[in-house]
Amino acid sequence: MYHRFDAIVVGAGGAGLMAALQLAQHPGIRTAVISKLYPSRSHTGAAQGGIGAALGNHEEDHPEWHTFDTVKGGDYLVDQDAAEVMCREAVESVYELEHFGLPFSRTPEGKIDQRRFGGHTRNFGEAPVRRSCFAADRTGHMILQTLYQQCIKHEVDFYSEYQLLDLIVNDGVCCGIVALNIKDGEVHIFHAKAILFATGGFGRAWKITSNALSNTGDGVMIAARHGVPLEDMEMYQFHPTGVYKLGILLTEGARGEGGILRNDSGERFTERYAPTLLDLAPRDMVSRFIYQEVKEGRGIKGKDYVHLDLTHLGADVVENKLPDLADFVRVYLGIDPVRELIPIQPTAHYAMGGIPTDIDGRVVLNAEEDVMPGFYAAGECACVSVHGANRLGTNSLVDIVVFGRRAGKHMARHIQEVDFTELPPKPDAFSREQLGQLLSRESGESAAEIRQHLQEEMMDKVSVLRTEDKLKAAQKTVAQLKQAYTRVAIQDRQTWYNSELLETMELGYLLDISEITIAGALVRKESRGAHYRDDYPSRDDANFLKHTLVYGTPDGLMVRYKPVKITKFEPKERKY
Amino acid sequence: MSLARQAVEKRGTNFELWSWYYFRISGVLLLFLALGHVYVMHIATPIEEVNYAFVAARYATPFWRTYDALLLLLAMSHGVNGMRLILHDYIRARSWRVFAFSVLYSAALIFTVLGVLVILTFQPQPS
Amino acid sequence: MYRGREGMWSWIFHRVSGVGVLLFLFIHIVDTALIGWGPDVYNAVTTIYHEWAIFRFLQFTLIAAVLYHSFNGVRIIVIDFWPKGFQYQRLMFYGAMGLTVLALIPTGVLLLGPIFGIAER
Amino acid sequence: MQVTCKIRRYNPTVDEKPYFSVYRAEVEPTDRVLDVLNTIKWYEDGTLTYRRSCAHGVCGSDAMRINGRNRLACKVLVRDVGNRMTIEPMMGFKVLRDLVVDMEPFFEKYKAVKPYLINDEPAPVTERLQSPEDRAKYDDTTKCILCAACTTSCPPFWSNPDFVGPAALVNAHRFIFDSRDQRGADRAAIISDRDGVWRCRTVFNCTDACPRGIQVTNAMEEVKRKLLYDRA
């Protein structure tokens, strides 16, 4: 089936919906949002903490301070022009969200309430500042709901439960997508002048992750298949406090309230690693401390986890300030956090890297920033790059809102300037062949076993602590798994709501993403932010103050580099 | 402008609101009337004594006639309102709906008229 | 099948008892109307009510229905008009059931007792 | 531990009528019911079909009937349901396949109550003000994740799919009680209709089913009271 729209947005999380809303405000522009889930199921809804913006509702604050914190938090791998834009526009974007109806928590005067969050400081690192605008402990949920509501108001066309299959590029110009209607298995072609990928992250490459089962990097890999390089893929954030074995996130606020991390002997081991900041050191660092403890046999009962201790805080603090955490712990662990220790381990959380874009969301193809006309990306699947080597808490929501908005605005201008590019012949041929192969193979490898093996290998060798040997071993395993994947067979032969088919395709993307992540990690022979190399334990600005760009070519992966844009803040040692 | 007023402007009536409210009001009144009736007729009076003479004596006073008329009208309207909602819940086909509501409202009318007539016109015969 | 809890059972009982009472109301209007035919007819009919055990059981059921419907009706009104009422809906359901059973004990003795040879009067 | 899992299956394109498949799976007592489904799907029967995404109770994909009650499969642990479980799709919507029901009518009802802020006045440069007290009035109903567990647990909805249902009313409540919302004429027309809030019979199944702990029935009661008290 053929559809024609002016703009196509793939992905209905915060970035996609924000862009769709900007487009919807132009009456002449027809927009469709394609999503493999219903929009309200997107993983933006899982974000808890808040959205950082220098509103200054409680105390003096400035976007410049926010920019500094972002740059420093990202270990100076941040493109500072983009960070400046983000922190400046965060303010008006938050007000816009409020005007859309977002139910922010309020100050006694009725203004948007703000609270402290890790790494956010006043006057370039002097003291913590109240910058995180929040709606109880479900800020992401509120952003997602509010944007979806506004899209309904503006009558945006939704194609829910449509799986993205391919991007259509004709002579270097992006002109559409191919998607599968999950319900009946029909292949649809969407022809458009501008296409935005807001397809989210890919945490499911790791065994323990806070990500949804749907976060499999489909858009990222489909872009890469069309010659787009992937930027800084080795920069993947592990959040230190995920529920043991489940990976469900327990907010940083728990340690903000005074929670303590303990090893098997009950020792507060952060004292040995970060004597001043202790448990509230940045995410990448605390994750590393835990990994070190486990590696040296001081995990609980010798296993791969440690304890988060809230027992000294008292029932009052736990129930009133950390109600969601208490709920998660009670439901999933059957533990009372007021009296018992919570087993936690680092959990794969957020991709700083992804599809490279400029500050208007246009996808760029190289270090010279040549764009692919008509192709945009925003949100976690994109890399602007505002997070550099480590993302600051609350900045993920800022990113999706600001750059989803900017991309939408730029798309609207672009659409008014250009004509439709003709589709190439048989734009869906590749997708149909791919589906046909998967649906017809009689017997072969099990996707579930390949997935399990991949996730364990990535968790073991490509997570918090990396070395040349581990990365090379993982590279070999992934290559073998990719081989096995070419023989993968599924049981379900139905076209009607075939979720096994989708899961198997998603596994293919995860395998490719893992391969690229490992390639990036291998060439970056330094330690910076989330990327920690045991064999190169310090930051090396002389050689590696640059972004990696990994291209997929017929001869294998090719790594190139792109300079980091530095405007105001010269790289300094990262101390807190 | 209030919500209900806006609803009226849009739709012309707040029938369901008033129906709902009336349900509660009549319910409270019935609570006393019906339980009183049950008490008087079944508990306080041994049922063997509920016979023609008992009813005749009772209807000698306007009080009991009024009581019974009120009880009849409230119970009937309350009950028919309830049946109306039940039929709306379970009968989906249009033709069946028309039929069911015709039966309900006809029965309600006939029985109400009959009951009211009995209460108002009853003249005791010497037994 | 859906395994509803107290709220669902209270609603089912309320509906069933309501329909039952309405049907009885129709019958009751007819039997009362017989009074117009004079004492012989009326007394003949009321005797059936009194003497036949099955009618005593039906009357008992009717009273049970009226009682439950009344008490649960109060529960519903409390939920409707007292802003905190919903918090006690389960408790009030058990309350309505308890009151119904309590009130049915003397009723049972008076109505059904004679059938079993107790509480003759 | 070994669990026996009885699942209602139906693929309308090939099956004449629904049937039950029984599976045995080896899982931990602390696993979620969703993990049981995943284990079956990944290692035993790939054709088993259900929705899922976040796996920790915030996206609302995997609402289904577990042992007769609407739950999120990712928010119920095996040890809480025991070693025998019966899993069926939610009631009241067409089954697309196995545990997947057609959600389109659900979202249509949601859209019908105009679930968005309506305020035609020009917005100020900064935020619109709202006191913490006014904000608290609709806090509970902002938790909704549109999983449909409430609507499909509602007896009036089962018998009459025209009823807008608890989920739509929860979202109507969220805006009716938002002091920033000005005009809800269309919203009021729909919720005050016969198939609107007045079809709620205070059954409380919705409240029991809500995985977010929203006092769904109470939200509808608040809407009823507001309609009544504001009628003039």
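Order of the sequence lines sets the chain letters (A, B, ...), proteins ahead of strands, with each chain counted from 1.
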Given 3.5 Å as the limit, does a donor-acceptor pair link the side chain of [X] with the main chain of [Y], or not?
X: Arg106(A); Y: Asp134(D); value: no
X: His43(A); Y: Cys59(D); value: no
X: Arg41(A); Y: Leu146(D); value: yes
X: Tyr332(A); Y: Cys74(D); value: yes
X: Glu127(D); Y: Ile112(A); value: yes

Minimal non-hydrogen separation, [X] against [Y], with atom names:
X: Leu333(A); Y: Arg79(D); answer: C-NH2, 3.5 Å
X: Val331(A); Y: Leu77(D); answer: O-CD1, 2.9 Å
X: Leu117(D); Y: Phe100(A); answer: CB-O, 3.8 Å
X: Gly101(A); Y: Asp178(D); answer: O-OD2, 4.4 Å
X: Arg180(D); Y: Leu102(A); answer: NH1-O, 3.3 Å
X: Arg138(A); Y: Thr142(D); answer: NH2-OG1, 3.5 Å

- Task: Give me the ring orientation class for Tyr148(A) and Tyr110(D): parallel if the planes are under 30° apart, tilted from 30 to 60°, perpendicular past 60°.
- Result: parallel

With a 4.5 angstrom heavy-atom cut-off, which part of [X] approaches chain D: side chain, backbone, both or neither?
X: Lys183(A); answer: side chain
X: Thr495(A); answer: neither
X: Asn215(A); answer: neither
X: Arg451(A); answer: side chain

Output the option from [options] having the highest count of non-hydrogen pairs under 4.5 Å with chain A.
options: Pro132(D), Ala123(D), Pro12(D); result: Pro132(D)
options: Cys144(D), Ser131(D), Ala55(D), Gly57(D); result: Cys144(D)
options: Val76(D), Asp98(D), Asp102(D), Ile145(D); result: Ile145(D)
options: Val14(D), Leu96(D), Val58(D); result: Leu96(D)
options: Leu48(D), Thr126(D), Val100(D), Thr13(D); result: Thr126(D)

Side chain / backbone / both / neither for [X] at chain A, heavy atoms under 4.5 Å:
X: Glu44(D); value: backbone
X: Arg135(D); value: side chain
X: Lys114(D); value: neither
X: Glu104(D); value: both
X: Asp45(D); value: both

- Task: Could you check Glu500(A), Gln452(A), Glu503(A) and say which one makes a side chain to side chain donor-acceptor pair (under 3.5 Å) with Trp42(D)?
- Result: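 When side chain to side chain donor-acceptor pair (under 3.5 Å) is applied between Trp42(D) and each of Glu500(A), Gln452(A), Glu503(A), only Glu503(A) qualifies.
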
- Message: What I want to check is whether the side chains of Thr30(D) and Lys245(A) have a donor and an acceptor closer together than 3.5 Å.
- Response: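 Result is no, nothing qualifies.
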
- Query: In terms of side-chain heavy atoms, does Tyr116(D) have a donor or acceptor partner in Gln145(A) at a distance below 3.5 Å?
  - Reply: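 Side chains of Tyr116(D) and Gln145(A): no pair found under 3.5 Å.
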
Distance (rounded to the nearest 0.5 Å) between [X] [atom1] and [Y] [atom2]:
X: Arg51(D); Y: Tyr497(A); atom1: CZ; atom2: OH; answer: 4.0 Å
X: Lys111(D); Y: Cys151(A); atom1: NZ; atom2: SG; answer: 10.5 Å
X: Thr47(D); Y: Ile490(A); atom1: OG1; atom2: CD1; answer: 11.0 Å
X: Thr49(D); Y: Ile182(A); atom1: OG1; atom2: CD1; answer: 11.5 Å

If you count heavy atoms of other groups shown closer than 6.0 angstrom to [atom1] of [X], is the number above 12?
X: Glu16(D); atom1: CD; value: no
X: Glu155(A); atom1: CD; value: no
X: Arg71(D); atom1: CZ; value: no

- Task: Would you check if the distance from the ring center of His56(D) to the ring center of Phe328(A) is below 6.0 Å?
- Result: yes

- Query: Who wins among Leu97(A), Leu249(A), Leu213(A) for the most heavy-atom pairs under 4.5 Å with chain D?
  - Reply: Leu213(A)

- Query: In this structure, which one of Arg212(D), Lys75(D), Lys143(D) forms a salt bridge (Lys or Arg N to Asp or Glu O under 4.0 Å) with Asp327(A)?
  - Reply: Lys75(D)

- Message: Could you go through Glu161(A) and Met103(D), starting from their C-alpha distance and side-chain angles, then the distance that decides it, and tell me whether this counts as side chain to side chain contact (heavy atoms under 4.5 Å, CB included)?
- Response: CA-CA 11 Å; Glu161(A) 302 200 324; Met103(D) 296 291 283; over 6 Å; no

